[in-house]
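Here the structure comes first, spelled out in structure tokens, and everything after it is commentary.
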Amino acid sequence: MKRKFRLLAIPARLFSLSVILLLFVFSATAQTQVSGTVKENNNPVVGATVEVKGTNVATITGPQGTFTITLPSGRTQLVISYVGLETQTVNVGDKTSVDVVMVPLNTTLNEVVVTGYTSQAKKDITGSVSVVKVSDLKSIPSANATGQLQGRVAGVTVTQDNRPGAESSVKIRGFSSFGDNAPLYIVDGIPVGGIGGLNPNDIESMQVLKDAAAASIYGARASNGVIIVTTKKGRTGGAKVSYNMYYGKADPGEGWDLLNSQEMADLTWLAYRNSGQAVPTAQYGTGTTPRLPDYILPSGKMEGDPAVNPSLYNLNLSDVNGSYLIMPSNKAGTNWYDEITHNAPIMNHNISLSGSADRSRYFMSFDYFDQEAIIINSFYRRYSLRVNTEFNVKKNIRIGENMQVRITEDNTVGNNGNNGEGTELGMAYRNQPIIPVYDIMGNFAGSRAPGLGNANNPVATRMRDKDDRNQSLNVFGNIYAEVDFLKHFTVRTSFGGQINYNNNFFFSHQTYENSENNTGNSYTENFSRFREWTWTNQLTYKNTFGQNHDVNILVGTEAVEGWGRNLGSSRANYFVESLDFWAINAGASNQQNNGSPFTPASLNSYFGKVDYAFKNKFLLSATVRRDGSSRFGPENRWGTFPAFSAGWRVTEGFLDGLNWLNDLKLRGSYGRMGNQRINPANAFDVFIGGLGSANYDINGTSNSTAQGFQQSFVGNPGGKWETNITQNYGFDAVMFGGKTEISFDYYRKKTEDLLFRLPALAAAGAGPATNPAFFNVASMTNKGIDFSVIQKLNLGGSNGIKLDAQLTFTTYNNEITELAEGIEYYDTRGSRIGNWIRNQAGHEMSSFFGYKVLGIFRDAAEVAAAPVQDEKAPGRFRYQDTNGDGTITPADRIFLGSPNPDFTYGLNLNAAYRNFDVSMFFYGSQGNEIMNYVKWWIDFFPSFQGAKSRDLLYNSWTTSKTDAKVPIAENSSNFSNNNAVNSYYLEDGSYFRMKNLTIGYTLPASVLSKARIDKFRIYVQGTNLFTATSYTGLDPETFGADDSFGIDEGLLRSTRQFLIGINVNF
Amino acid sequence: MKKITFKFVALLVAGTVIALSCGKGFLEKTPKGTLDVNALANKKGVESLLIGSYAVLDGFINGGGIFLGGWESSGTNWVYGSINGGDAHKGSDAGDQPDINPIEAFTPTATNNYFNLKWRIVYEGISRANNTLKVMAQATDISAADVTRITAEARFLRGHYHFEAKKMWNKVPYYDETFLKADDYNIPNDADIWPKIEGDLKFAYDNLPVTMNAKGRANKYAAGALYAKALMFQAKYAAAKTVLDDLYTNGKNAQGVKYQLLARFSDNFNADTKNSTESVFAVQYSVNDGSAADNGGWGEVLNFPYTGGPGTCCGFFQPSQDLVNSFQVDAVTGLPDPDTYNANEFKNDAGIPSDDNNPATVNDIFVPSTAAVDARLDWTVGRRGIPYLDWGKHPGNNWVRDQAYGGPYAAIKNTYYKSQERIKTDVSFWTSGITANNYTLIRFADVILWLAECEVEVGSLDKARQLVNEVRARAANPAGMVKDGAVNAANYIVGLYPVAAPQFANQAAARKAVRFERKLEMGMEGHRFFDLVRWGIAATELNRVLDYHGGVSHPTIKNKRTYLTAANFTANKNEYFPIPQSQIDLSASGGVPTLKQNPGY
């Protein structure tokens, strides 16, 4: 009675909900106390969970594996679980004492995994959920768990960004959007933008929610799939310390196959002569054949020339043009790739403390990660501290927190990113070999020497940029409380979020050695901060009716809000460039000041989930979430995302006779997920001022402007939720006594009302034409299969070799089905020769689009017979006249290929024999194509006067080599040679790579026990030991934005790396 | 225990209720750092929108997440007006800015991004002018006089931007402030928009005051000049003459000072003497103004000598041999010969290495020509052995990126003086080639020469001769010639056409003389191609020039462009550029593009 009264006091909204829940509540009349022990292999199991089935009444076994628990009336079953052991269900009957014998987990079926807001035994899951084997993940040394995911999870496609600390591209089941296809990451219940900052050593478990049934509980943010990460909790028992470290080095490998200095001279003369032009006079003499000079500045000089007398040398930074520099030639040739790379060290130290004390559990960890890029003077460092604690305030009340504080530091600011002509790698394939690194006085040498192109000395860039820094401080975590009440209910509240501070500063130095010098110096410093909080409240109800009906119900609310600011400033004309003077105040002239708050974004949500199981055999699940987002105008602000799934465990009472088939579950699901990743101000028309875009010097002062305004955005107040409708069919099978596990899924995803930046005619203004508002106009489909197979083998008895293998297989088949009325396509990845990529209805995302090269014109007769084509000539490309109109025009361009793989796969092999363990991991991608844009730079003479490929000199068209691989070397640039996107650059990027080989040795317990050490393992590891591919660039893995990837313009590659590591527990 | 439980549950329930009642306010987030139209619908706001409409004149904007245009869309039209007009070559090296290569060779395609950026910039200018008028219609605090003035300035700019589109593409859509929604903008390009352009410019001419409160504003006579230019483009010489006569007699700049040619030709191309009495309307460039170089001469930042000289980047926009030859004059009369100027290749250093610049062994192996030339040559073309402003003598090959490809010359009108470095150039950029050296869209010399054209067409040949002589007399000012020390750097002679000169004996001859004078006076200023087209002689003239540069008609010239050997101007096609394919594609409605491509593309 009393309880009922209390419930009445609860506000009406929850009350009505509670009444519904109460319908399930059985009245309690009597209670029984049961005690017992839990053992495995005759050893007590300490810390096992003993739970009364269908309730939240639970306890934990004590030091001797003993427990005592009170059975509510009508309850006779106990469920005993412990990590790594098979969960046991025990019928108590009317006994008061039970002894439970646990057995090691044979399959992952009974593994309890955290899904959206709840946890579930894997065998009961009817949605598509992949459980990541976290220990395997860590076998790839990386600061960032996203890269480690590659090949580990069926249905997840990962493309690595190989810059230290960088976040890789992670896509779950293809694309759902033209922009951001990154999954929603939830760490300890809190959404985060990515898991790049999370210390991989702190990860306890990771689940990938792939279909709507699994993910739609995250409603508006679930469209790209969800990755749920749980960090480590304190282990029951005394304090345990664990220390893990590794140290290794990465080998940058060989660069591109480029010409040496003499060959460059030969090529230069060949190209000018092929073009009917006088050979250039600056460097290679005036004879009939080119000769290498002893000095390239003053140009073309030989030893003994008075012009190269060192006493003339004069470098004056305040008058760079008036300086007299002397640069020797490097006749052997500078290998710029070798000059800017080095054997890059990687190091990680991680120490953690885990344990429990009276009614509390704690986990603490400190991690130091330090990796240098293979590019010199470029690094990423991270310090992270985690403290996770939980307190049992009362038997039924738990309060806890998870928190990480992280500091990172890197010096990649001021660099020109990855994959571009302006990067140091770009300069490595562009800078000419005859240029030495240093001049005669030890100052930098470069393309200032005439006739040697316009690349910069990349070594100089890295030396000058070594003190640039990007620093961040991030605090991330949550505090939560859980209360069990009325036997079947648990209420939980969690408040958490993150605070991010970022500061970067870089000095832009004056240069003197290049042809296109930086004429002044400047210094820039930026600050930004971002905060976001999430508050989640949820109520779960768990009951078993009779012995056959298991019901779990979850209802909850959530609110999220984020906002931030940034500020940046730069000044120029620094008196000196030394580090101590790097302060905004010290600059002599102001350059610019920038800063603006971000438009805040908020989300308010209600969600619920019901799981029902009949006799463990028929499983049903339904979820619904209703989200309101500030990103949409009031009329379409709220969206509802339901999902349903069902499972049938065929083996329960149906296929009992098949003793090789231990478990088979058929699954199917259908549901909707949403996406709201649009500009928070999408609904508004806005005007801005802009120093460089709207201000104007109307007064003719030469150095000041009057304020102007411009319309920068035309909003779409009618924007609404994008909906992703997913069907999933699959099965999970366990065979041969748990030795084989197969999980298979087939899915179809249809994204409707896809938010697309609707491009406008230029006449509508630069705002809507450059940054169009999002409209719900497009649609897209993805379908595919993903499956994984786990196979365990035990050779030669209990002391023999234990083997386990896991294969994952992933496909996605993407098709853009519509962009918008009247909009057939949009082009991306602009370059010096146009856009490489066209995203068009009826085609895959990021498809390559251009002219099809049929061959190279052999001779004048072939040219004459060919269709009309601008600048066609022998030795140049012969394009396909696709529409057959007799003239090559842009209408003849076709879709040439795409970087989307046909399938990707990962194969992991673990073997253990006595104290040795070996693991191997292979990853492959099949059918992904690449546009090798580096070829534009090195296979064509007129693509800037840079370094060139051996192919261009030795395999290009000449009158005596008409069956050539490469067009004629000539000093002319036009549509028929290097000035069009065409299939010449297209290559197959399929590859198969051994990503990891680890050999470990664990010291025998007999040795360790004297030192009171629980475990001591030492290992050596090689990563990326081999890659089988026909791709001619440095790395067939091409990282890039989702609607514009597959272009190789000099990507930082995956490198071979060797390291040694230690794991110690005590 | 139950009590604690209750407290927790109550707390959580309360929390849930708070979360639920966050309600509307919680999800109402307004944009930060921006303004809505209501904040701008007043005098200050509208004046600022008008300033924003001027800000696109330079052809480049960077801000608010929009980076649009640059050298492709420069207000100077150095590619379309000068390179296509035969004044200059792309220059630099073969592979840099490859989109210009087919433009220079008259084989451009509609997918060339240069056209799309030019198109987008001019239509952004139109959009801003129209936004000014749209927002002004909602304001209530602007006086009638100001409404008229702002309307006239906005319509002047709208007329100018449409004019740019018209001369580039001929068939283009016209937009005024009645276009409101994005969907409205999809209109066909089937009408001739000259009447609309004339309407805007005439309104501005009729309604703008003479004296403005800022040097950079269009005033009555700037509008008149552009109006007259629009009439010239339609060959409406009589109508143009009326306006030009008014300008010639009464014209004053926005500061209220009477138009007058500057004493020195070169002061038109100097940031220190900009907004002069000769500046009818100029694109204002400013530097070191807190914008990180976005308001200076962005569109011409590539057009500096290569390595070692001013700007350091990137050796584009190299004057052509045809242009240089044009400056050759009769050693006695100091007059050019439009018919035979290419008979003799003016001496150049093609194929000759630079001197090594060693102070110990100065021994220049190239001596510049001593033949008679018009003094404007060395303010228009940087060439070896002649002082390049105050940068010392142009050293030849060392300042050229690839001489065999682009020729031996350098642009100069857009450049800055060494003494101005970091004062009139921006320190924020990777080069120092962002300058405050205005691009003067219309000079008083333009007005005089247009008037001379009109006089020729109406038959007043001697008036035309006098007008041409006015321009030549200024060029002949010895104080305005390039000096090497105290003496002229070359053999400069600028003669005047005498009374009864054969060049003005008949209309055809006079027409040729006036047009050739325009070539010399306005060389490298972005006008030549459009002049040739409006005169109807583009095909003959340009094919003649292409033949010359490609070495077809003059195989022995040293300064040859082999990539132009096969180039050809196609009459009735190449007079206009292709309408950008992406705009045509965006105009599709029901699968059919609303915008139609120009003939021949």
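Chain naming here is simple, since letters A, B, ... match the order of the sequence lines and numbering starts at 1 in each.
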Per-residue contact mode, [X] against chain B (heavy atom under 4.5 angstrom):
X        : value
A:Val686 : both
A:Asn679 : neither
A:Gln945 : both
A:Ala769 : both
A:Ser629 : backbone
A:Arg893 : side chain
A:Pro280 : neither
A:Pro768 : neither
A:Ser515 : both
A:Phe944 : both

For A:Trp535 and A:Phe495, take the angle between the two ring planes, folded into 0 to 90°, and tell me which bin it lands in: parallel under 30, tilted 30 to 60, perpendicular over 60.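 The rings of A:Trp535 and A:Phe495 stand perpendicular, inter-plane angle above 60°.
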Just say parallel, tilted or perpendicular for the rings of B:Trp298 and B:Phe60, cut-offs at 30° and 60°.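 Answer is parallel, since the angle falls under 30°.
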Just so I understand: if I count every heavy-atom pair under 4.5 Å between each of [options] and chain A, which residue has the most?
options                                : result
B:Asp96, B:Asn113, B:Asp36             : B:Asp96
B:Asp294, B:Asn101, B:Thr107           : B:Thr107
B:Phe179, B:Tyr306, B:Tyr601, B:Trp391 : B:Tyr306
B:Asn437, B:Asn131, B:Asp402           : B:Asp402
B:Leu57, B:Asp289, B:Ile66             : B:Ile66

Going by an N to O cut-off under 4.0 Å, is there a salt bridge joining A:Glu516 and A:Arg448? no
Using a 3.5 Å distance criterion without hydrogens, assess whether the side chain of B:Gln583 forms a donor-acceptor pair with backbone atoms of A:Ala762.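 Yes; judged by distance alone, with no hydrogens or angles, the pair exists.
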Mind listing the closest non-hydrogen atom pair of B:Asn438 and B:Ala282 along with its distance? ND2-CB, 3.9 Å
So, for A:Asp305 and A:Ala307, which heavy atoms are closest and what is the spacing to 0.1 Å?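 Distance-wise, the nearest heavy atoms are OD1-N, 2.8 Å.
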Top of A:Tyr825, A:Phe598, A:Phe940 for chain B proximity - count of heavy-atom pairs under 4.5 angstrom: A:Tyr825
